[in-house]
Protein chains: 2
Amino acid sequence: MKTNTLDAFQVIADPSRRQMLMMLSKDSMTINAIADNFDMSRPAVSKHIKLLYTAGFITIKDIGRERHCILKQDGFQELQDFINFFDKFWTARLGKLQSILNSKQAKHGRD
Amino acid sequence: MKTNTLDAFQVIADPSRRQMLMMLSKDSMTINAIADNFDMSRPAVSKHIKLLYTAGFITIKDIGRERHCILKQDGFQELQDFINFFDKFWTARLGKLQSILNSKQAKHGRD
DNA sequence: TATTTGTGTAACCTAAAAGTTACATATTAT
DNA sequence: ATAATATGTAACTTTTAGGTTACACAAATA
């Protein structure tokens, strides 16, 4: 059994895919509309879209023969959690530094 | 002139490197100490560390023959910015949805 | 109905990533 | 001085990612 649920970090590692996400934040777009903005073949774009879809970054709404790509929050969650973890880390570190400074200040008296 | 400043997104795309960052959030570690926690050769770890260093995720303090790896915030900035952008996006979208709901409520009167 | 349009997929190629082993080198310990 | 330790790097291999072209097919249009 192969658990191959493509990981969000890998998905956004590709600059083209990041750009697609940025574009979709302006408005939903069809696959072809997206492809027009890239210097690569349409099938290549199609693949990227599939990845974005599989990893939960977008939803796709079929309208006739067109497929409209719409941003979806799910895929971002894992990234948000990761960044959040380190945000807290840096904040905590800053807090510790300041309390050290404060205790020094207390020891030596201020001014 | 080759501008090859390895991109932060690509650096964290690798699960091992992410794990190294997590480990370093507990405490700074030498290269060998890090390598002990992974099922790969020491030179492989060495390479990962070099990437993390180059991309600004860690600082390295040489103490004798040991190299101590210490987490550094710089590398995270680009990721934070990216996530931040989409955080704002989702928040804004939620706001829009709510104002639509509100205006509907106003139209029909409340209750 | 014939054609064009919007798309997915398979087969293939190439380049880059990630790993390995072998070796070099500086520091520390004996 | 010798041996052991902590590391970097080069050369090489394998796997995977990202791209291409060629083809299939359903929906829209003429």
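Below, chain A is the first sequence line, B the second, and so on; all start at residue 1.
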Going 5' to 3' on DNA chain D, which nucleotide is the first and which the last to come under 4.0 Å of a heavy atom in chain A?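 Span of nucleotides near chain A: dA17(D) to dA28(D).
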d(CD1, Ile49(A); P, dG6(C)) in whole Å: 16 Å
Separation of atom CD1 in Ile63(B) from atom C1' in dT27(C), rounded to whole Å: 13 Å
Contacts of type ring pair (Phe, Tyr, Trp, His ring centres under 6.0 Å), residue Phe9(A), not counting sequence neighbours: Phe82(A)
Listed partners of Phe76(A) passing ring pair (Phe, Tyr, Trp, His ring centres under 6.0 Å), at least two apart: Phe57(A), Phe86(B), Trp90(B)
Looking only at side-chain N and O atoms, does Asn102(B) offer a donor or acceptor that is under 3.5 Å from a partner on Gln98(B)? no
Tell me which residues in residues 28-35 of chain B lie within less than 4.0 Å of DNA chain D, going by non-hydrogen atoms. Thr30(B), Ile31(B), Asn32(B)
Looking only at heavy atoms, which two atoms of Ile58(B) and Leu24(B) are closest? And how far apart?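 In this case the closest contact between Ile58(B) and Leu24(B) is CG2-CD1, 3.6 Å.
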Where is the tightest heavy-atom contact between Cys69(A) and Ile49(A), given as atom of each residue plus distance?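 Result for this residue pair: SG-CG2, 4.0 Å.
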According to side-chain hydrogen bond (donor to acceptor under 3.5 Å, both in side chains), who are the partners of [X], at least two apart in sequence or on a separate chain?
X: Arg18(B); value: Asp7(A)
X: Asn37(A); value: none
X: Gln80(B); value: Asp87(A)

Can you list every side chain to side chain donor-acceptor pair (under 3.5 Å) pair that touches residues 56-76 of chain B, not counting sequence neighbours? Asp62(B)-Arg67(B), Glu66(B)-His68(B)
Here DNA chain C, pairs taken as Watson-Crick or G-U under 3.5 Å and shown with ( ), [ ] when crossing and | when to another strand, reads ||||||||||||||||||||||||||||||
Are the side chains of [Y] and [X] in contact, using a 4.5 Å heavy-atom criterion?
X: Gln10(A); Y: Leu51(A); value: no
X: Asn84(A); Y: Ile83(B); value: no
X: His48(A); Y: Phe38(A); value: no

Taking only N/O atoms, report every protein-nucleotides 2-4 of chain C pair under 3.5 Å with atom names and distance.
none

With a 3.5 Å distance limit and no angle check, can you tell me whether Thr54(A) reaches the backbone of Lys50(A) through a side-chain donor-acceptor pair?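 Side chain of Thr54(A) to backbone of Lys50(A): a pair is present.
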Using the side-chain contact (heavy atoms from CB on, under 4.5 Å) criterion, which residues pair with Ala92(A)? Sequence neighbours excluded.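 Applying side-chain contact (heavy atoms from CB on, under 4.5 Å) to Ala92(A) gives none.
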Tell me, for nucleotides 13-20 of chain C in 5' to 3' order, what letter each nucleotide earns: B for a base near a protein heavy atom under 4.0 Å, S for only sugar-phosphate near one, - for neither? ----SSBB
